[in-house]
Amino acid sequence: MITRLPLIFSLVSVLAAPVAAEELELPVSGLSVAFFDLIDDTPTWRIRFTAPGLTSGDVDYASVSDDMAWLCREEALPRLEAVAASPEHIVVTLMQEPVEFGVATPGIRQFFESYTVEDGLCIWEAY
């Protein structure tokens, strides 16, 4: 039994180590984003991603709007299914760096888009 303790401690330390954020390349803009958090604001769920490339003057809302629909469909819906959530709405946020939810953060560029969820689909709403 004593010989297994180092193995158990090694496994526990690996599981307790912070997990690096998985980076995704958005299919339309090519912008690199990382999942930041998922917020239950029932009946709305919010999924937020960091996107350091938003600081570029070449990136505007029009260049990422199709990517935000892709994030709703390909990232938000599967994550919500995994936690057995049934949202009526999903809000996708892209932010140039992490910000506290609900706190005004002047100087940090963010884009938001809202979707109604029907029959497993993200349907764009005017936000």
Side-chain angles (χ1 to χ4, degrees):
M1 209 48 147
I2 292 174
T3 59
R4 292 185 184 173
L5 284 178
L7 177 61
I8 291 170
F9 287 125
S10 295
L11 182 58
V12 169
S13 64
V14 168
L15 294 176
V19 177
E22 176 187 344
E23 293 216 2
L24 303 167
E25 184 175 314
L26 297 179
V28 178
S29 67
L31 196 65
S32 179
V33 302
F35 172 74
F36 182 69
D37 64 4
L38 187 61
I39 300 170
D40 179 359
D41 193 16
T42 302
T44 300
W45 280 74
R46 301 171 185 279
I47 187 165
R48 304 190 312 151
F49 297 87
T50 56
L54 289 182
T55 58
S56 169
D58 297 338
V59 178
D60 60 9
Y61 173 78
S63 66
V64 296
S65 63
D66 289 338
D67 288 327
M68 293 177 81
W70 182 86
L71 286 168
C72 185
R73 183 178 60 250
E74 302 298 327
E75 289 293 318
L77 289 176
R79 287 175 191 271
L80 290 166
E81 185 177 306
V83 296
S86 299
E88 291 179 22
H89 306 279
I90 294 173
V91 174
V92 175
T93 303
L94 293 179
M95 52 193 169
Q96 81 181 50
E97 61 186 63
V99 298
E100 185 177 342
F101 177 70
V103 175
T105 313
I108 303 300
R109 197 168 189 202
Q110 299 182 68
F111 294 122
F112 305 90
E113 196 54 84
S114 182
Y115 302 89
T116 297
V117 178
E118 283 184 21
D119 300 323
L121 300 172
C122 292
I123 301 167
W124 177 79
E125 299 179 347
Y127 188 64

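Heavy atoms only: backbone and side chains are in, while hydrogens, waters and symmetry mates are out.
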Going by atom type alone, with no hydrogens or angles, which donor-acceptor pairs under 3.5 Å involve a side-chain atom of residues 86-99 and a protein atom two or more places apart or on another chain?
unit_1: His89; atom_1: ND1; unit_2: Glu125; atom_2: OE2; d: 2.7
unit_1: Gln96; atom_1: OE1; unit_2: Arg109; atom_2: N; d: 3.0

Show every donor-acceptor pair shorter than 3.5 Å between a side-chain atom in residues 27-35 and any protein atom, with sequence neighbours excluded, or say none if there are none.
unit_1: Ser29; atom_1: OG; unit_2: Leu31; atom_2: N; d: 3.1
unit_1: Ser29; atom_1: OG; unit_2: Asp67; atom_2: OD2; d: 2.5
unit_1: Ser32; atom_1: OG; unit_2: Glu23; atom_2: OE1; d: 2.6

Donor-acceptor pairs under 3.5 angstrom involving side-chain atoms of residues 70-77: please list them, not counting sequence neighbours.
unit_1: Glu75; atom_1: OE1; unit_2: Arg79; atom_2: NE; d: 3.3
unit_1: Glu75; atom_1: OE1; unit_2: Arg79; atom_2: NH2; d: 3.1

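Scanning for salt bridge (charged side-chain N to carboxylate O under 4.0 Å, His left out) contacts around Asp37 gives Arg48, with sequence neighbours left out. Here Glu118 pairs with Thr116, Ile123 under the side-chain contact (heavy atoms from CB on, under 4.5 Å) rule; sequence neighbours left out. Shown here are the salt bridge (charged side-chain N to carboxylate O under 4.0 Å, His left out) partners of Asp41, two or more places apart in sequence or in another chain: Arg46. Take Ser56 and apply the side chain to side chain donor-acceptor pair (under 3.5 Å) test, not counting sequence neighbours, and it matches no residue. The side chain to side chain donor-acceptor pair (under 3.5 Å) test applied to Ser63 returns Asp60, not counting sequence neighbours.
In this structure, Ile39 shares a hydrophobic cluster with Phe101, the cluster being traced through Ile, Leu, Val, Met, Phe, Trp and Tyr side chains under 4.5 angstrom apart.
Screening residues 31-64 for disulfide bond (SG atoms under 2.5 Å apart), with sequence neighbours left out, gives no hits.
Contact detail for Tyr115 and Ser65: the closest heavy-atom pair is OH-O, 4.1 Å.
Looking only at distances, no side-chain donor or acceptor of Asp119 sits under 3.5 Å from a matching main-chain atom of Leu121.
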